[in-house]
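Here is the naming used below: chain letters follow the sequence lines, and residue numbers restart at 1 for every chain. Since the structure is predicted, the reported quantities are computational estimates derived from the model, not experimental observations.
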Amino acid sequence: MKPLSETVAIVGIGESKVGKVPEKSTLQLQSDAAYAALDDAGLTMQDIDGLITTPIRTEPWNMPCGVVASFLGVQPAYLSTLDLAGASGCAMIHHAAMAVASGQCNTVLCVAGQNLLTNKTRASAVQTMAESGAAHAQFETPYGPLVASNYALIAQRHMYEYGTTAAQMAEVAVTIRGHALLNPNAHMTKPITVQEVLDSPMITSPLKRFDCALVSDGAAAAIVTRADRARDLKQKPVRLLGQGYGLSHSYVGEAPRLTHSGAVESGRKAFAMAGVTHADIDVAQLYDCFTITVIVELEDLGFCKKGEGGAFVQGGRIALGGELPVTTHGGLLSACHPGLGGGFFHVLEGVRQLRGQAQGRQVKDAKLALVHGNGGTIAIHSTLILAA
Amino acid sequence: MTALTPLPSPNPLTEPYWQAAHQRQLKLPRCEACTKFHFYPRSACPHCGCRNLSWHAVSGNGEVYSYTVVYRAPSKSFAPEVPYVVAVVALDEGPHLMTRLTQIAPDDVRIGLRVTVDFRRMDDETTLPLFRRAGWSL
């Protein structure tokens, strides 16, 4: 079988309005994203014969892929509801690529998102997430950790082992907020400073309010089709050069080391498959559920040595114009986080950068983008390397 | 941890842990082949793959591997308790577990602090293992 890089391509991307969108239901948000992706590609819903989506928390759907496909009028040769938690966005692209490459179907619509903020409020979304599996129901939930607490345990240990500071973590939040300000479809619209992050309310030490992701309404969609078909469509096709998965544990309490994640494996596999090196990567869309997540990913994906992630994020190195621009759309911290679909926006931004369509936040001559999704508590990882 | 705390619902895999805890004992699964302990419970030893496992008491001693002071509770049931200390304890026998630290001010908690198990009876069926500073008891 030929490599995925020669057989499939990402040909369409689209997103709904994001932030607080009370005028749209979950299905309307997903539908808006799906039609935007079709228009972007120059396709119609009749061209779609495969659909992948993720579970949601705002509606009691017993078969999300069936509900979404039926709503959109897709006649499927392939259907799947995928759940790798925060790694689902990257994984949807890989699964779509496999479905197309195997000949199972021709054109897959991947769509995810929900009206998490409108449907739940921030407080009840936080409770739902804390009680729905991030922590072990028997051995962890009774002790009262937030999802953020699980990441705080990582941050605390990282600070202890490597001297990482709260100011370095704040730098991640400030940089990514700066990127969101250049994204016209971002939830957050005001700049923040390192001091403001440090002064924001302590949620679960050492993580403060601005170290934590948003809760948003929003949906994202992308279309994967055969490479031979992609050539005739509207947009420059984006190829999947490399991919990898990694898994280090399921729960915090059973992780052998909280500072080392499955991103080591997912990154190693993706780079090996793509046949490229870190120096070749022009832009990295890293999953940013918390500021510490980005620091651990930079280390484990190999952009710096273990323990040097805190220093790496300083001095504008991960900002637009820096050595490695990271999460240039504004990420989960500042652009949009509607649950499992949150990491899909990172994929869309990778595609946008490679097409040269990122407007005010365009990385000059971007040829290779790494996109990374992280689920659970730095537990499950999916890395993509995309090429123009 | 109040009457509203979401309490564990033991199942056949985890029952021995919770039964022991209710008797104020910390018991973990141990591999009969390589004699190493592991946690959480599994069908096979994560160290050697052996499926001959049994439950044994551990010392209940260990050290704080990491911790966080929770200021914003995940739900109303935990709200009256903030700030509280959620920790991962590395037991002397090897495995880690998540727990709550008790009888210690949040500012006094440090990574590496020696701790020992304590127990809090929640109701007639459930007792939660907690940890307190070692050598610092009633």
Side-chain angles (χ1 to χ4, degrees), chain A residues 122-163 200-209 211-212 248-259 290 292 377-378, chain B residues 1-2 5-11 13-15 17-18 21 38-42 46-47 64-79 81-90 94-102 106-107 109-112 120 122 126 128-131:
Chain A
R122 185 172 173 91
S124 76
V126 163
Q127 175 171 353
T128 302
M129 288 187 275
E131 291 173 356
S132 55
H136 192 293
Q138 290 190 44
F139 300 125
E140 299 181 351
T141 301
Y143 298 108
L146 295 153
V147 172
S149 302
N150 295 334
Y151 281 86
L153 292 164
I154 293 167
Q156 193 81 259
R157 185 72 195 185
H158 206 277
M159 293 166 96
Y160 172 81
E161 286 194 36
Y162 306 115
S200 65
M202 188 68 86
I203 303 294
T204 178
S205 68
L207 299 183
K208 306 180 183 74
R209 175 68 182 76
D211 287 302
C212 304
S248 50
H249 55 272
S250 50
Y251 301 103
V252 158
E254 64 178 6
R257 291 192 74 175
L258 280 180
T259 50
F290 298 94
I292 186 65
T377 309
I378 63 163
Chain B
M1 282 159 277
T2 66
T5 301
L7 292 178
S9 304
N11 60 37
L13 178 69
T14 63
E15 185 77 50
Y17 180 86
W18 293 112
H38 64 269
F39 198 59
Y40 306 143
R42 293 169 181 246
H47 307 290
V64 173
Y65 175 79
S66 194
Y67 69 96
T68 178
V69 184
V70 180
Y71 291 89
R72 190 239 176 268
S75 61
K76 283 188 180 132
S77 54
F78 292 107
E81 301 170 51
V82 295
Y84 54 84
V85 184
V86 171
V88 173
V89 165
H96 291 187
L97 48 74
M98 186 180 280
T99 188
R100 187 83 76 83
L101 299 189
T102 179
D107 284 350
V109 181
R110 295 286 179 272
I111 287 176
R120 183 176 298 173
M122 304 300 294
T126 307
L128 287 180
L130 313 175
F131 281 74

Is there side-chain contact between B:M98 and A:L153, with heavy atoms separated by less than 4.5 Å? yes
Short side-chain to backbone donor-acceptor contact, A:S205 and B:V69, under 3.5 Å: yes
So what's closer than 4.5 Å to chain A heavy atoms on B:S9: side chain, backbone, both or neither? backbone
Here the pair of heavy atoms bringing A:F139 nearest to B:T14 is CZ-CG2, 3.7 Å
Which word best sums up how the rings of B:Y40 and A:Y251 line up, parallel for under 30°, tilted for 30 to 60°, or perpendicular for over 60°? tilted
Taking every heavy atom of B:P6 against every heavy atom of A:T141, the minimum-distance pair comes out as CG-CG2, 3.9 Å
Only pairs of heavy atoms separated by less than 4.5 Å count here; which of B:P129, B:A90, B:G94 has the most with chain A? B:P129
Tell me which of these, B:P10, B:A87, B:P95, B:P106, has more heavy-atom pairs under 4.5 Å with chain A than the rest. B:P10
Proximity breakdown for B:P83 and chain A, heavy-atom pairs closer than 4.5 Å: neither
Using 0.5 Å steps for rounding, measure from the CH2 atom of B:W18 to the CD atom of A:Q138. 6.5 Å
Checking B:Y65 against chain A: side chain, backbone, both or neither under 4.5 Å from a heavy atom? both
Can you tell me how far CD of A:E161 sits from CD1 of B:I111, rounded to the nearest 0.5 angstrom? 8.0 Å
With a 4.5 angstrom heavy-atom cut-off, is it the side chain or the backbone of A:P201 that approaches chain B, or both, or neither? neither
Look at B:T126, B:V88, B:L97, B:T99 and state which one has the largest set of heavy-atom pairs under 4.5 Å with chain A. B:T99
Residues A:G144 and B:R100: closest non-hydrogen pair is N-NH2, 4.4 Å
What residue, out of A:V147, A:V252, A:V126, A:I203, has the most heavy-atom pairs lying under 4.5 Å from chain B? A:I203
Quick one about B:T68 and A:T204 (side-chain donor to acceptor, distance below 3.5 Å, no hydrogens or angles considered), yes or no? yes
Closest non-hydrogen contact found for B:F39 with A:E254 is O-CB, 3.6 Å
Mark yes or no for whether A:Q156, through its side chain, and B:Y67, through its backbone, hold a donor-acceptor pair below 3.5 Å. yes
By side chain to side chain contact (heavy atoms under 4.5 Å, CB included), A:A123 pairs with (sequence neighbours left out) A:T121, B:R72
If one checks every heavy atom of A:R257 against chain B at 4.5 Å, the contacting part turns out to be both
